[in-house]
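Shown next, in structure tokens, is the structure this report addresses.
Note that the coordinates shown come from a computational prediction; the quantities given were computed from them, not determined experimentally.
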Amino acid sequence: MSAFIISLVVIFVAELGDKSQLMAMTFATRFRTLPVLVGITAATAVVHLASVLLGAALGAAIPTGPIAILAGAAFFGFAAWTLRGDELDDDESAKARRATGSAILAVGGAFFLAELGDKTMLATVTLAADHGGVAGLTGVWLGSTVGMVAADALAIVVGRVLGRRLPERVIRYGAAAGFAVFGVLLLVDGIRGL
């Protein structure tokens, strides 16, 4: 349960201000909300399952203390990445606007490709490496998937209510601070584990 909650919170925070939220808002202006969320959920579940399996392999190969220290350092990197900001490039924005046919397939395909190598995928790998065992890995997978879908659903709702005017600077700083806090906690845990 702790792996689920930690993963949910970390990925929710990681997703704030991410380009995936911008994609979700863009798709929501073109399609109904439910198919957009189904596409996001399907793509996220697949990408995060692969991330958890990769993290589990790393976790089995490297002792726990060094993993926690590496994870803490990675979270400081995620904080810096978040501060840098994330925007849809013209090509990604055009794809979201031009999507036709099945909304679920269009959204799912776009999200699958966008999430490969994204900070939420890397954060999920890091969390899985730190939470071994079937229960821990399942918790990371479900928590990270729910956290990302919840953040994107929030973006859709807020985007519709506020006409796509989000306080990006506040969101970016808050998410970066969250990553930094988790980084400190992981570093302390890793140092204790040595």
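- For the atom pair CD1 of I191 and CG of L187, the computed distance is 6.0 Å after rounding to the nearest 0.5 Å.
- Using a 4.5 Å heavy-atom cutoff, the side chains of F111 and M148 are in contact.
- For S2, the side chain to side chain contact (heavy atoms under 4.5 Å, CB included) test picks out no residue, with sequence neighbours left out.
- By the criterion of side-chain heavy atoms lying less than 4.5 angstrom apart, applied directly or through intervening Ile, Leu, Val, Met, Phe, Trp or Tyr residues, L105 is not grouped with V149; the two fall into different hydrophobic clusters.
- With sequence neighbours excluded, the residues that form a side chain to side chain contact (heavy atoms under 4.5 Å, CB included) with V38 are L34, I104.
- Here the closest non-hydrogen pair linking G108 and A43 is O-CB, 3.3 Å.
- The minimum heavy-atom distance between A128 and A56, with the atom names listed, is CB-N, 4.2 Å.
- The shortest side-chain heavy-atom distance between L37 and I156 falls under the 4.5 Å cut-off.
- Between V107 and V36, the closest heavy-atom pair is CG1-O, 3.5 Å.
- Contact check for V184 versus F76: side-chain heavy atoms found under the 4.5 Å cut-off.
- For A45, the side chain to side chain contact (heavy atoms under 4.5 Å, CB included) partners are W141, T145, not counting sequence neighbours.
- Rounding to the nearest 0.5 Å gives a distance of 6.5 Å between OG1 of T44 and CG of D152.
- With rounding to the nearest 0.5 angstrom, the CG atom of L127 is 11.0 Å from the CG atom of L122.
- Atoms CG and OG1, from L53 and T124 in turn, are 12.0 Å apart once rounded to the nearest 0.5 Å.
- In the hydrophobic cluster analysis, where Ile, Leu, Val, Met, Phe, Trp and Tyr join through side-chain heavy atoms closer than 4.5 angstrom, M1 is grouped together with L137.
- Shortest non-hydrogen contact noted between A123 and I11 is CB-CD1, 3.8 Å.
- Residues F112 and V47 meet the side-chain proximity criterion, which asks for heavy atoms closer than 4.5 Å.
- Contacts of S144 classified as side chain to side chain donor-acceptor pair (under 3.5 Å), with partners at least two apart in sequence or in another chain: H48.
- Under the side chain to side chain contact (heavy atoms under 4.5 Å, CB included) criterion, A110 pairs with M23, F27, sequence neighbours left out.
- In terms of the side chain to side chain donor-acceptor pair (under 3.5 Å) criterion, S51 has no residue partners (sequence neighbours excluded).
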